[in-house]
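Scroll down for the structure; my scribbles are underneath it.
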Amino acid sequence: MTALKQELEQLLHEALTRLAGTLLPAEVDLKSIVIERTRDAANGDFATNVAMRLAKASGLKPRDLAQAIVEALPQSPQVVRVEVAGAGFINFFIAGDAQAQVVRQIHELGDAFGRNASGADKKALVEFVSSNPTGPLHVGHGRHGAFGASVANLLAANGWQVHREYYINDAGRQMEILAASIWLRYLEDCGETFRFPANGYKGDYIREIAAELLQMAGDTLQRSAGEVFGNLPPDEPEGGDKDAYIDAVIARARQLLGEMAYRSVLDLGLKAILSDIENDLAEFGVTFDRWYSERSLADNGAIDRALQRLAQHNHVYEKDGALWFRATTFGDDKDRVVVRENGVKTYFASDIAYHLEKRERGFDLLLDILGSDHHGYVARVRAGLEAMGEPGEALEALLVQFVTLFRDGEKAQMSTRSGEFITLRELRNEVGNDACRFFYVMRGNDQHLDFDMTLAKSRTNDNPVYYIQYAHARVASVLRQLASKGHAYDANIGMANLGLLNTPHETALLTQLARYPEIILLAGTHRAPHTLVHYLRELANAFHTYYNAEQFIVEDDAMRNARLALVMATQQVVRNGLHLLGVSSPETM
RNA sequence: GCCCCGGUAGCUCAGUGGAUAGAGCACUCGCCUCCUAAGCGAGGGGUCGCAGGUUCAACUCCUGCCCGGGGCACCA
């Protein structure tokens with residue numbers, strides 16, 4: 001909420017209060033005061049539809065009521081003109097020097113300009129990426145990283161206490177498959193020959209970890225192919241079931257290696273892959289306050305606590321030897337198994353335990369950023385929270401749709417080098433971190449994303465990242481020119497002469513600058529970084545237009561410093577906005 | 001069958017119930033002896049998937065239908 005908007009609200013509030021009991025009912029609903037920026041400058045700077053909303057209650061025609069409200073409005077130095085327009089809009093025209101005050105505010109607040117306290121120190125836990133540690137990150141994970149980091153930044157800018165977390169799925173069958181895959185590649189390195197399981201992980205990174213294992217363990221873990229594969233059920237190419245086959249291979253590995261050695265192979269793989277993911281994300285500017293292990297939930301009893309909570313509230317029952325959570329009571333499609341017939345707890349059990357544990361840590365908002373294919377899971381976990389006596393609304397899930405890469409107008413999902421899916425690292429290396437971070441959040445999360453690599457790489461005016469960064473660099477360039485022409489910016493002169501900024505281009509730029517705090521609030525409330533992206537483009541456009549129309553470094557001290565104050569404020573806002581998106585603000589380009 | 005997301009300009013997409021539905025790209029035409037032309041300006045382009053409904057006012061809310069994507073495990 002900008003100061004001007006608040007001022008107008010106050011004025012309207014007074015006007016409506018004056019009319020209450022005469023033209024308006026005694027009890028006026030003050031929530032009907034909505035002030036918006038106008039789309040068209042011909043309709044003033046701000047407008048309200050309050051007369052149309054209250055027309056029925058007053059018995060007047062909207063335009064007549066609007067006129068009465070206008071007449072009841074107190075005078076204000078900020079407002080030069082108020083008029084009734086259209087179906088009953090009240091349009092406000094703001095005085096130029098009042099608009100220019102935003103420049104002063106930006107200079108005073110600097111990096112903090114645009115922040116607000118709407119989050120009121122509420123605590124949010126943003127969980128994102130949480131990719132299974134079975135291989136490198138791909139381009140879809142990149143979108144999750146960029147989106148999650150930007151949403152977290154936006155929440156923080158809105159006054160939230162934000163905690164960023166990555167949930168490590170280190171306790172499941174896919175980890176067993178990882179361990180077996182590494183061991184089998186190791187056996188190949190030891191000279192054994194066999195056909196690799198259809199369901200094993202086949203990426204090159206497995207061979208790299210296997211090589212590391214060979215170096216560490218020598219041939220101490222070697223077993224003959226005959227021992228390993230004797231008496232196993234058929235694999236898929238032989239007409240068997242690939243899942244049953246890989247499970248048999250895993251069991252055999254356990255048996256031949258012993259639990260200790262098997263575990264060490266698994267942990268080696270987990271550690272290697274996790275550190276690769278962590279480095280990848282850190283290079284991408286995406287960091288976490290905590291990497292939360294799924295295993296630790298079982299170890300610290302959180303799962304048992306959650307199951308007890310469910311039992312206490314009478315929301316579990318036994319059927320077919322398994323323990324079921326009565327999720328249908330809470331709006332889910334079907335009841336869910338939490339402990340299998342074989343006594344093993346399901347993934348869902350650790351999931352609700354994890355979310356309960358998040359609440360126990362005191363978070364008001366549990367924001368999960370998930371792949372769109374996880375949508376069915378949200379109702380379940382929310383049901384679990386409610387069943388345990390926690391508010392279901394605390395869980396908010398944002399579903400991120402798929403990414404399709406395009407290169408030269410063609411789909412490009414596969415890496416030409418490895419023949420596998422393009423990794424995030426490859427994408428970053430090809431188009432650069434800034435373009436990646438930016439392109440990933442250009443679209444709303446519920447929109448499929450076509451990622452145009454050719455455009456992201458291009459150093460042309462088509463590329464929106466450069467367009468915005470260029471605005472920042474251009475201001476830096478102006479300041480360099482200023483020095484070389486023997487001038488220095490004088491803040492006192494600049495601030496004293498903000499009233500000189502009254503050309504249409506200056507007014508347009510001032511309006512854009514004043515919108516920034518509103519955009520931060522909006523983008524934060526909607527968890528919508530793309531709103532900020534679009535705004536920054538518009539801001540850059542207003543700046544470039546101004547740049548083309550006017551010379552900033554002029555002889556007149558008052559004018560020069562006023563204009564410099566304006567463009568430096570613009571630079572600050574561009575920098576603040578790009579920072580929230582994880583994009584750099586270069587001084588030169 | 002049920003659930004979620006999308007359907008807006010040739011293409012990619014914005015659009016908190018408000019005024020003549022916007023931007024970028026593409027296309028056409030202009031602008032550097034001047035702070036970076038990675039820039040600026042002008043122009044053509046639309047039954048907002050379809051049909052009802054609510055409302056002073058619907059791209060926006062509700063219902064139904066059509067098309068596209070995804071999901072519906074004692075997997076994780």
Side-chain angles (χ1 to χ4, degrees), chain A residues 34 36 38-40 42-43 47-49 52-53 55-56 61-62 85-89 91 132 134 169 171-175 177 243 294 319-324 332-334 336-348 350-351 371-379 397 399 401-402 406 409 442-450 452 455 458-467 469-471 473-482 484-485 518 521-522 525-526 528 530-531 533-535 537-538 540-541 543-554 563-564 567 588-589:
Chain A
V34 175
E36 300 178 297
T38 56
R39 193 188 288 274
D40 187 341
N43 293 324
T48 180
N49 59 3
M52 291 181 282
R53 299 180 76 115
K56 191 171 257 180
K61 290 179 188 160
F89 290 100
N91 294 338
N132 283 344
T134 54
N169 296 125
R173 197 171 79 106
Q174 84 282 358
M175 294 311 301
I177 299 176
D243 283 307
E294 180 189 351
K319 193 182 88 178
D320 305 330
L323 189 68
W324 295 70
D332 196 4
D333 302 356
K334 49 187 89 166
R336 307 286 170 178
V337 172
V338 285
V339 182
R340 283 175 220 144
E341 196 177 358
N342 63 12
V344 177
K345 286 148 195 149
T346 59
Y347 178 80
F348 174 62
S350 31
D351 245 359
S372 57
D373 52 342
H374 282 65
H375 93 85
Y377 139 120
V378 179
L399 302 176
Q401 296 285 342
F402 296 142
F406 286 85
M442 268 196 321
R443 307 288 176 235
N445 59 288
D446 48 13
Q447 193 75 238
H448 286 262
L449 177 65
D450 288 346
D452 185 340
L455 177 61
S458 75
R459 314 250 148 189
T460 71
N461 51 2
D462 309 350
N463 191 333
V465 197
Y466 289 103
Y467 184 84
Q469 288 182 320
Y470 185 41
R474 262 187 156 173
V475 177
S477 172
V478 168
L479 297 177
R480 284 190 297 271
Q481 284 291 322
L482 182 73
S484 74
K485 288 183 180 177
E518 298 164 26
L521 181 60
L522 191 67
T525 309
H526 292 184
H530 75 274
T531 303
V533 169
H534 286 273
Y535 163 79
R537 215 213 150 270
E538 287 170 28
N541 177 246
F543 170 76
H544 288 310
T545 301
Y546 179 42
Y547 181 96
N548 260 263
E550 303 287 352
Q551 197 73 14
F552 308 148
I553 306 175
V554 291
R563 287 181 174 168
L564 288 171
V567 299
T588 60
M589 292 178 71

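To find a chain, count down the sequence lines: A is the first, B the second, and so on, and within it residues start at 1. Basis for what follows: all heavy atoms, side chains included, without hydrogens, waters or symmetry-related copies.
- Contact annotation: the side chain of A/Tyr377 approaches that of A/Asp351 to within less than 4.5 Å [non-hydrogen atoms, C-beta and beyond].
- Comparing the P positions of B/A9 and B/G49 gives a spacing of 8 Å, expressed to the nearest Å.
- In this structure, the CG atom of A/Asn463 is 18 Å from the P atom of B/A37, given to the nearest Å.
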What are the atom names and distances for every N/O pair under 3.5 Å that joins the protein to nucleotides 72-76 of chain B?
{"unit_1": "B/C72", "atom_1": "O2'", "unit_2": "A/Lys334", "atom_2": "NZ", "d": "3.4"}
{"unit_1": "B/C74", "atom_1": "O3'", "unit_2": "A/Arg340", "atom_2": "NE", "d": "3.4"}
{"unit_1": "B/C74", "atom_1": "O2", "unit_2": "A/Glu341", "atom_2": "N", "d": "2.8"}
{"unit_1": "B/C74", "atom_1": "N4", "unit_2": "A/Asp320", "atom_2": "O", "d": "3.4"}
{"unit_1": "B/C75", "atom_1": "OP2", "unit_2": "A/Arg340", "atom_2": "NE", "d": "2.1"}
{"unit_1": "B/C75", "atom_1": "OP2", "unit_2": "A/Arg340", "atom_2": "NH1", "d": "3.2"}
{"unit_1": "B/C75", "atom_1": "OP2", "unit_2": "A/Arg340", "atom_2": "NH2", "d": "3.3"}
{"unit_1": "B/A76", "atom_1": "OP1", "unit_2": "A/Arg340", "atom_2": "NH2", "d": "2.5"}
{"unit_1": "B/A76", "atom_1": "OP2", "unit_2": "A/Arg340", "atom_2": "NH2", "d": "2.8"}
{"unit_1": "B/A76", "atom_1": "OP2", "unit_2": "A/Tyr347", "atom_2": "N", "d": "3.4"}
{"unit_1": "B/A76", "atom_1": "O3'", "unit_2": "A/Gln174", "atom_2": "OE1", "d": "3.3"}
{"unit_1": "B/A76", "atom_1": "O2'", "unit_2": "A/Gln174", "atom_2": "OE1", "d": "2.8"}
{"unit_1": "B/A76", "atom_1": "O2'", "unit_2": "A/Gln174", "atom_2": "NE2", "d": "3.1"}

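- Atom name C1', nucleotides B/U16 and B/C32: the rounded distance is 42 Å, in whole Å.
- Separation of the P atoms belonging to B/C62 and B/G68 is 24 Å when rounded to the nearest angstrom.
- Judged by distance alone, the side chain of A/Asn91 and the main-chain N or O of A/Ala47 form no donor-acceptor pair under 3.5 Å.
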Protein-nucleotides 11-16 of chain B N/O pairs under 3.5 Å:
{"unit_1": "B/U12", "atom_1": "O2'", "unit_2": "A/Arg443", "atom_2": "NH2", "d": "2.9"}
{"unit_1": "B/C13", "atom_1": "OP1", "unit_2": "A/His448", "atom_2": "O", "d": "3.1"}
{"unit_1": "B/C13", "atom_1": "O2'", "unit_2": "A/Arg443", "atom_2": "NH1", "d": "2.9"}
{"unit_1": "B/A14", "atom_1": "OP1", "unit_2": "A/Gly444", "atom_2": "N", "d": "3.2"}
{"unit_1": "B/A14", "atom_1": "OP1", "unit_2": "A/Gln447", "atom_2": "NE2", "d": "3.4"}
{"unit_1": "B/A14", "atom_1": "OP2", "unit_2": "A/Gln447", "atom_2": "NE2", "d": "3.0"}
{"unit_1": "B/G15", "atom_1": "OP1", "unit_2": "A/His530", "atom_2": "NE2", "d": "3.2"}
{"unit_1": "B/U16", "atom_1": "O4", "unit_2": "A/Glu36", "atom_2": "OE2", "d": "2.9"}

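- Residue contacts for A/Asp332: at a heavy-atom cut-off of 4.0 Å it reaches no nucleic acid atom on any strand shown.
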Classify every nucleotide of nucleotides 27-34 of chain B by which part a protein heavy atom approaches to under 4.0 Å, writing B for the base, S for the sugar-phosphate alone and - for neither, in 5'-to-3' order. -------S
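- Rounded to whole Å, the separation between the P atoms of B/A57 and B/G53 comes to 13 Å.
- Under the salt bridge (charged side-chain N to carboxylate O under 4.0 Å, His left out) criterion, A/Glu36 pairs with no residue at all, not counting sequence neighbours.
- Computed from coordinates, the A/Phe402 CZ to B/G68 P distance equals 17 Å when rounded to whole Å.
- Applying the salt bridge (charged side-chain N to carboxylate O under 4.0 Å, His left out) rule to A/Arg474 yields no partners; only residues at least two apart in sequence or on another chain are considered.
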Within the sub-3.5 Å range, which N or O atoms of nucleotides 53-58 of chain B have a protein N or O partner, and how far apart are they?
{"unit_1": "B/C56", "atom_1": "OP1", "unit_2": "A/Lys56", "atom_2": "NZ", "d": "2.4"}

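- By the side-chain contact (heavy atoms from CB on, under 4.5 Å) test, A/Lys334 is found to be paired with A/Arg336, residues two or more places apart in sequence or in another chain being considered.
- Qualifying ring-ring contact (aromatic ring centres under 6.0 Å, His included) partners for A/Tyr535, counting only residues two or more places apart in sequence or in other chains: A/Tyr516.
- The nearest pair of heavy atoms linking A/Asn169 to A/Tyr347 is ND2-OH, 3.0 Å.
- In terms of the ring-ring contact (aromatic ring centres under 6.0 Å, His included) criterion, A/Tyr466 has no residue partners (sequence neighbours excluded).
- Remark: A/His544 engages A/Tyr467, A/Tyr470 in a ring-ring contact (aromatic ring centres under 6.0 Å, His included) (not counting sequence neighbours).
- Note on A/Thr588: a base of the nucleic acid sits closer than 4.0 angstrom, heavy atoms only.
- For B/C32, the glycosidic angle deviates from 0 by 90° or less, giving a syn base.
- By the 30° and 60° cut-offs, the orientation of the rings of A/Phe552 relative to A/Phe543 is tilted.
- Between A/Ala85 and A/Leu479, the one whose closest nucleotide on RNA chain B sits nearer the 5' end is A/Ala85.
- Which of B/C35, B/G71, B/A23 sits closest to the side chain of A/Gln481 comes down to B/C35.
- Put simply, the side chain of A/Val567 reaches to within 4.5 Å of the side chain of A/Tyr546, judged on heavy atoms.
- Within the structure, every side-chain polar atom (N or O) of A/Tyr467 is placed at least 4.0 Å from both OP1 and OP2 of B/A23.
- The distance between atom CZ of A/Phe89 and atom P of B/G17, rounded to the nearest whole Å, is 14 Å.
- Between A/Arg480 and A/Ala473, the shortest heavy-atom contact is NH2-O, 4.4 Å.
- For B/C3, the base has a donor-acceptor partner in the side chain of A/His375 [N/O atoms by modelled type, under 3.5 angstrom].
- Atom P of B/G1 sits at a distance of 10 Å from the matching atom of B/C65, rounded to the whole Å.
- Along RNA chain B, the nucleotide closest to A/Tyr466 and the one closest to A/Asp40 are compared, and the more 5′ of them pairs with A/Asp40.
- Remark: side-chain polar atoms of A/Asp320 are not paired, donor with acceptor, to backbone N or O of A/Ala322 under 3.5 angstrom.
- B/C72 and B/G64 have their P atoms separated by 24 Å, with the value rounded to a whole Å.
- Stem analysis of RNA chain B (at least three stacked-register Watson-Crick or G-U pairs, each with both distances under 3.5 Å) gives B:1-7 with B:66-72, B:10-13 with B:22-25, B:27-31 with B:39-43, B:49-53 with B:61-65.
- For the 3.5 Å distance criterion, the side chains of A/Glu294 and A/Ser350 qualify, holding a donor opposite an acceptor.
- You'll find the side chain of A/Val478 reaches within 4.5 Å of the side chain of A/Leu564, heavy atoms only.
- Within the 3.5 Å criterion, the main-chain N or O of A/Val339 finds no donor-acceptor partner in the side chain of A/Thr346.
- Using a 4.0 Å heavy-atom cutoff across all strands shown, A/Ala473 reaches at least one base atom of the nucleic acid.
- Going from the C1' atom of B/A14 to that of B/U8 covers 10 Å, rounded to whole Å.
- Comparing B/G17 with B/G30, their P atoms sit 44 Å apart, to the nearest whole Å.
- Not one N or O on the side chain of A/Gln469 forms a donor-acceptor pair closer than 3.5 Å with the backbone of A/Met589.
- Listed by chain and residue number, A/Val554 satisfy the side-chain contact (heavy atoms from CB on, under 4.5 Å) test with A/Gln551 (two or more places apart in sequence, or in another chain).
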